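As the structure is a prediction and not an experimental result, all values here were calculated from the model.
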Amino acid sequence: MTPDSIPAFDHISAGYHPDPALSLSLHADAYTDPKWFDVDQRAVFARTWQWLCHVEKLREAGSYVTGTVAGMPIVAVRDETGTLRAFYNVCKHRAHELLSGAGVRHSIVCPYHAWNFDLTGRLRRARNTGGMPGFDPSTVCLDRIQVTEFGGMVYVNLAPEAVPLQVQAGDLEAEIEARAPDVAKLTLARRLTYDIASNWKNVVDNFLECYHCHVAHKDFVSLVDMSTYKVTTYGIYSSHMAQAGTTENSAYDVSEATVTEHAVWWLWPNTCLLRYPGRGNFMVLQIIPDGPERTRETWDFYLETTEPNAAELDSIRYIDEVLQVEDIALVESVQRGMRTPAFNQGKIVYDPGGSGLSEHAVHHFHGLVLDAYRHGLGLASSG
C-alpha cells in the first residue's frame, strides 16, 4: 500500500453508494490516471479467473495453449493422463518463454537452452548438467497456476488462494448449459480483433447497459425485443436476456434461426459470453487492458461448422461493421470526455424492475472494482 492509496481510493469511490438508485459512477480518474491501470493489473487481473480458450483446443493429450494474464506469460496443457494443467510459461533456467501459440507437444523444450520438461511440469533433462554439485534436476518444476474447465471453456487464475470458479460463479454454468447445451461441441469459425482508444472499464460499462441501445443501436433494437430485456446481477456475473430474432429486422438474416433468444452473460471482470439468434452458436468477447487508455478486444465465434453459412456471415458482418463500429465510437468518445474538467462522475440510472434501460449492472461492476481495489491496496473492507 502506498502512502497516498487511501486518499486516492476515497477520491475515485466518492459518490458510489451500495444502492444503485442513490449512486454515482466511479470517478473519471479511475479511467484516466495511469496509477489505476497498475492497480487493475495486480488487484483485478492477477486475482481473477481469466478466459483462455474453448475446450476444443485442449482436448487432445499433449495439446497446449499459451496466453498472457496481467502481463504474465502462461500456458495450459493436457497431459498424457488427460489432466488439465497450467503453468507460468517461463523456463526455470534463464526465464525464457517456453512455448508460443497453440499446438500439440509431448514435452516442453525451452528454445533457449533446450531444457526439457514433461507435461506435468517436471524437469526431465538439462543439457551438460550431469554431475554438477548441488544440482538435482528432480527438484526443478515449472510454477503452476490454477486452471479449470467451465461452461465449455478453459479459464486460468494466477492467484494460488483463488476460490474455484465453479464456487464463485454460482449458477452461471447451469445457466449456460440450459441455454447453450451445445457449447462444448461447437468449433471456432472466426476471430475479430479490435484496438480501442479507451480504458477497459469504459468498455465493460458500455457492454453492461442497454440504456443507450435505442439511441445508438437502431438495428440491434430491431433484432431484440427490448420489451422483454431483463438484466440480473449475481455475485461475480450478470445476465442479459431477451427474446430476439423472431421477426425480420435490419441487423441480419434470422429467417432460419433455431436460436431465438438474446442470451448474454458478463463474467467478472472482463469476459462476455454471448448466444445470439441464428444456428447453434456461442461467442466470447474478451476485454483486455492494453494501457491506461487502450483496450484490445477479441471476439471469437463458435459455430456448428468451421465455415459460417450465409446467415452467419451476415451476423458476423453486422457485429463487425455495424455494432462494434457503433460501440467503439461510443467508448472512445466517453474516454475523451473523461479527460476534460467537464466530467467527474455521472448518475446511475436505475430501474428496480431490472429492464434493459437500467444501469444497475454497471453499478454492480463498479462495486466489484472497488472491492478489488480495497483488497489490492490493503484497505479495510467496506463491510
Side-chain angles (χ1 to χ4, degrees), residues 15-28 31 172 175 179 198 200-247 249-252 254 259-277 283 285 287 318-319 322-335 337-338 343-370:
Y16 175 85
H17 192 283
D19 182 348
L22 303 175
S23 189
L24 299 178
S25 63
L26 297 178
H27 194 282
Y31 300 80
L172 175 56
E175 287 187 31
R179 286 183 163 85
S198 173
W200 73 278
K201 294 186 290 293
N202 267 332
V203 180
V204 174
D205 286 349
N206 181 71
F207 183 87
L208 290 177
E209 52 94 352
C210 219
Y211 185 45
H212 70 280
C213 290
H214 286 92
V215 180
H217 300 314
K218 303 296 187 184
D219 299 305
F220 180 82
V221 297
S222 75
L223 172 69
V224 175
D225 181 355
M226 291 300 296
S227 69
T228 66
Y229 204 111
K230 177 79 171 177
V231 179
T232 309
T233 61
Y234 305 90
I236 63 163
Y237 76 100
S238 57
S239 67
H240 308 250
M241 304 294 172
Q243 296 174 19
T246 57
T247 59
N249 67 88
S250 60
Y252 62 87
V254 294
V259 175
T260 55
E261 184 180 36
H262 169 270
V264 173
W265 299 269
W266 166 79
L267 175 63
W268 160 256
N270 63 319
T271 302
C272 308
L273 309 168
L274 311 94
R275 187 160 167 102
Y276 269 22
M283 293 166 280
L285 170 61
I287 299 167
Y318 163 67
I319 290 171
V322 180
L323 187 62
Q324 280 291 89
V325 171
E326 293 167 345
D327 275 331
I328 290 171
L330 292 172
V331 299
E332 290 187 338
S333 176
V334 168
Q335 191 69 30
M338 284 186 166
F343 182 84
N344 290 321
Q345 291 173 287
K347 177 67 178 173
I348 294 292
V349 174
Y350 177 55
D351 170 12
S355 76
L357 301 181
S358 179
E359 295 177 321
H360 60 286
V362 177
H363 174 266
H364 173 242
F365 168 53
H366 292 176
L368 290 170
V369 168
L370 292 175

Are the side chain of Arg179 and the backbone N or O of Ala263 linked by a donor-acceptor pair below 3.5 Å?
no
Less than 4.5 Å apart, any side-chain heavy atom of Asp205 and any of Tyr31?
yes
Least distance between heavy atoms, Tyr350 atom then Ala21 atom
CD2-CB, 3.5 Å
Asp219 to Ser250 - nearest heavy-atom pair and separation
OD1-OG, 2.6 Å
As an exercise, state the distance from OG of Ser355 to CE of Met226, rounded to the nearest 0.5 Å.
7.5 Å
Between Asp351 and Leu357, is any pair of side-chain heavy atoms under 4.5 Å apart?
no
Thr228 side chain vs Gln243 backbone, donor-acceptor pair below 3.5 Å
yes
Can you give me the closest heavy-atom contact between Asn249 and Val254, atom names plus distance?
ND2-CG2, 3.5 Å
If you measure from OG1 on Thr247 to CG on Asp225, what distance do you get to the nearest 0.5 Å?
8.0 Å
Assess whether atom CD of Glu326 is packed by more than 12 heavy atoms of other residues, nucleotides or ligands within 6.0 Å.
yes
Spatial distance of atom CG (Leu208) from atom NZ (Lys201) [nearest 0.5 Å]
13.5 Å
Is there a donor-acceptor contact under 3.5 Å from the side chain of Glu359 to the main chain of Ile348?
no
I'd like to know if the side chain of Ser25 reaches the main chain of Gly346, judged simply by a donor and an acceptor atom lying under 3.5 Å from each other, with no hydrogens or angles considered.
yes
Could you point out which residue of Tyr234, Tyr237, Phe365, Phe207 forms a ring-ring contact (aromatic ring centres under 6.0 Å, His included) with Trp266?
Phe365
Find out whether Pro269 and Val204 are in side-chain contact, i.e. whether some heavy atom of one side chain is under 4.5 Å from a heavy atom of the other.
no
Per ring-ring contact (aromatic ring centres under 6.0 Å, His included), Tyr16 is matched among His27, His363, His366 by His363
When you compare the side chain of Leu285 with that of Met283, does any pair of heavy atoms fall below 4.5 Å?
no
Which pair of non-hydrogen atoms, one from Phe220 and one from His262, has the smallest distance, and what is that distance?
CZ-NE2, 3.7 Å
Side chain to side chain, His240 and Leu274, heavy atoms closer than 4.5 Å
no
Any chance the rings of His212 and His217 have centres within less than 6.0 Å?
yes
Is there a donor-acceptor pair under 3.5 Å between the side chain of Asn270 and the backbone N or O of Ile287?
yes
Got a donor-acceptor contact below 3.5 angstrom from the Trp268 side chain to the Thr271 backbone?
no
Spatial distance of atom OG (Ser23) from atom NE2 (His364) [nearest 0.5 Å]
13.0 Å
List the atom of Phe343, the atom of Gly337, and the distance in Å for their closest heavy-atom pair.
CB-O, 4.0 Å
What is the distance from atom CG of Leu172 to atom CD1 of Ile236, rounded to the nearest 0.5 Å?
8.0 Å
In Å and rounded to the nearest 0.5 Å, what is the CG to CG distance from Asn344 to Leu26?
12.5 Å
Would a distance-only check, ignoring hydrogens and angles, find a side-chain to backbone donor-acceptor pair under 3.5 Å from His360 to Val231?
yes
Which heavy atom of Glu209 sits nearest to which heavy atom of Ser358, and what is that distance?
CB-O, 4.0 Å
Over 60° means perpendicular and under 30° means parallel, so classify the ring planes of Tyr318 and Tyr252, tilted if in between.
tilted
Counting C-beta onward and ignoring hydrogens, is there a side-chain heavy-atom pair between Ile319 and Tyr276 closer than 4.5 Å?
yes
